[in-house]
Amino acid sequence: MAAMSFPAGQVPVRSFDVRTRNFRGKLLIARGQDSIELDEVGACIFKSIDGVATMEQIAAKIAACYSISQELALADSSEFVAELQKLGIVRVDDGSSGEGTVQ
Amino acid sequence: MDPLTPDREPVVDISAWRAWLSANELLPPDALAAFCVGSVARGWATPTSDVDVYVVTDEPFRSAEAVGITVPLHPDVIWAHIAYFDGHRWEIKYWANGQIDQLLDKVSMKSFDSDEMTMTLIDVEEGFLERMLTCLTITGEPWVAACRDRVRNSAYREFIVSRSLAGVDKAAENAIGQLAANDVYGAVLSAHSAMGYTVDALLDSMGCHGTITPKWRPRRMRDAAPAVLPFDQYWAMETMADLDRDNPEPWVRQIISWCQRMTMEIEV
């Protein structure tokens, strides 16, 4: 069964009730009773979710950071973000996030 | 003129202070150290500010008029003497060296790693640690320098940053719940609280402490000048400058989103 992917043209936003910690260089994300530790690439993707950038734009940033193809970056990033979406940590922007205004 | 310029020096006459303390038997001859702390030491004093001094001795010391402050240490009291000199009220607290050792043990890295990041200090204890880092030595510079290093090498920073971040979580959770319950005005206050905790966490992570004195936050922001948060942006949030009073919800969401972004960058 093919892995889920977050659509390239859509804008992911972090759910409001997500808590984060940068503990000794590791990024921890928690929502409710669930928590996960992100690796370096995962942290870079998660930090790139600003409520403005599309999945494609986020992948472009990852491609540039890690010198990989846009195609590979998009495949890996969108699959990762889809996993976060399953956990409720990320959702599709519906215009209510408030992101992108206070820098 | 910017009233919060970081270019200030505490204007004090240390020699005169030392002479006055000694002449009035407030500075024991065998004191390990005496140092000015708080707003005067940081150059933030106002005309009505007290002069706060800590004196450290091997054996507990008290003046005749001193008042005891109970502390969860051994001995379980520190003595505070109130006096007036040079137009100011002075509060001189006397600590025993052993009490300082116990205090530092409470904020050791071992304690941080084992106690689920919860610091159990009372205000006067936390105040000692915070003020140690910005104190002005009256006597005993070697002791002061060594103690400062011990505080810097402790988990004090980690404890207070973690505490502020926990405050962010709680305030943000409150704001979200209040929005869901259509208590928008309450959510505004919760979001503002979350912002305050976030700024405190950022400043403490940079070593610019003072969380137990909220009125100092703008001064701390000026002194620390964090690159990720220009003062004007901070002040706009602190004063809710962008809040639309007729439609506050977007401001709440913007602030909570900002808090979320910042907590990813503040390293514990």
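Per chain, numbering begins at 1; letters A, B, ... match sequence-line order.
Residues of residues 27-38 of chain A lying under 4.5 angstrom from chain B, judged on non-hydrogen atoms, are A/L27 by number. Interface residues of residues 53-70 of chain A toward chain B, defined by a heavy-atom distance below 4.5 Å: none.
A salt bridge links A/K47 to B/E265: at least one charged side-chain nitrogen sits closer than 4.0 Å to a carboxylate oxygen.
A 4.5 Å side-chain heavy-atom check between A/V18 and B/Q260 finds at least one atom pair inside the cut-off. You'll find the side chain of B/M262 stays beyond 4.5 Å of the side chain of A/T20, heavy atoms only.
Distance check, rounded to the nearest 0.5 Å: CZ of A/R24 to CG of B/D113 gives 4.0 Å. Taking CD of B/E173 as the start and CZ of A/F16 as the end, the distance is 13.5 Å to the nearest 0.5 Å. Expressed to the nearest 0.5 Å, how far CG of B/L165 lies from CZ of A/R21 amounts to 4.5 Å. For the atom pair CE (B/M264) and CZ (A/F46), the distance works out to 5.5 Å, reported to the nearest 0.5 Å.
Within 6.0 Å of OH on B/Y197 lie no more than 12 heavy atoms contributed by other residues, nucleotides or ligands. Other residues, nucleotides and ligands place no more than 12 heavy atoms under 6.0 Å from the CG atom of B/N182. Counting non-hydrogen atoms of other residues, nucleotides and ligands closer than 6.0 Å to CD of B/Q102 gives a total above 12.
Residues meeting the ring-ring contact (aromatic ring centres under 6.0 Å, His included) test with A/F80, sequence neighbours left out: none. Taking B/F128 as the reference, B/Y54, B/W95 meet the ring-ring contact (aromatic ring centres under 6.0 Å, His included) condition, with sequence neighbours excluded.
The backbone N or O of A/N22 sits nowhere less than 3.5 Å from a side-chain atom of B/E267 that would complete a donor-acceptor pair.
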